[in-house]
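Structure first, then comments.
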Amino acid sequence: MRYWLMKTEPGVVGIDAVLAMPMQTVDWWGVRNYQARNFMRDQMRVGDKVLFYHSNCKEPGIAGLAEVAKLAYPDRTQFDRKSPYFDPKSTPENPRWVNVDVRATKKTRLIGLPELRSHPELERMRVLARGNRLSITPVDPAEWEFIIKRLLK
DNA sequence: GCCAACGTTGGC
DNA sequence: GCCAACGTTGGC
């Protein structure tokens, strides 16, 4: 089992919105970065644990916990002409973009960036790296453990 | 295949 | 709203 951090904009799909959904599950549509896509397609398995991260908002940080609920499959928005995520170069026969389903398991207190940066145990987290923009990043098991056992107790 | 120009991300 | 960082595009 692997651990991940997945960014989302709370104004679009935040932790509260996902917890309000049927089965507390959402399809993680809209990823248009090859590296992030490859993580979903090649490495994510059902049951993988996820840090649910709020980005591009007033208080960016970890806002909840989640898990992968369904293996990667074609992202429906790439075929929707009206969607900003429409990709004219993608076809149903040869889809370019995929997403997994994510089930939120709990809302946590907001662990903001300054707090994350204050712990040497977390200083190597990809999300904290200078210039990082990747919306899906692997999380080290020790980092996951530290966040769960030290920051969320 | 190089790389300048351009577009996007996302913290601040 | 600014802008640093980074990814993508496309001319050559």
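Per chain, numbering begins at 1; letters A, B, ... match sequence-line order.
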A:Glu115 CD - B:dG11 P separation (whole Å): 16 Å

Separation of C:dT9 P from A:Tyr34 OH (nearest whole Å): 6 Å

Separation of atom CG in A:Asn56 from atom P in B:dG7, rounded to whole Å: 19 Å

Stepwise ring pair (Phe, Tyr, Trp, His ring centres under 6.0 Å) test for A:Phe86 and A:Trp97: CA-CA 10 Å; A:Phe86 176 67; A:Trp97 305 109; over 10 Å; no

Side-chain N,O (A:Tyr53) to OP1/OP2 (B:dG11) below 4.0 Å: yes

Distance in angstrom units between A:Gln35 CD and B:dT9 C1', rounded: 14 Å

cation_pi(A:Lys149, A:Phe146) dist<6.0 Å, angle<=45: no

Closest nucleotide among B:dT8, C:dT9, B:dG11 to the A:Leu113 side chain: B:dG11

For atom CD1 of A:Ile62 and atom P of B:dG11, their distance in whole Å: 12 Å

Between B:dC12 (C1') and A:Lys58 (NZ): distance, integer Å: 13 Å

ILVMFWY cluster, A:Met1 and A:Leu71 together (side-chain gap under 4.5 Å): no

ILVMFWY cluster, A:Val18 and A:Ile136 together (side-chain gap under 4.5 Å): yes

Selected nucleotide, minimal atom distance to A:Ser55 side chain, candidates C:dG7, B:dG10, B:dC12: B:dG10

Presence of A:Lys7 side-chain N/O under 4.0 Å of B:dG10 phosphate oxygens OP1/OP2: yes

Atom-pair distance (CD on A:Glu59; C1' on B:dG11), nearest Å: 13 Å

Closest listed nucleotide, where the reference is the side chain of A:Arg133 and the choices are B:dT8, C:dT9, C:dT8: B:dT8

Value in whole Å for how far the C1' atom of C:dT9 lies from CG of A:Asn33: 15 Å

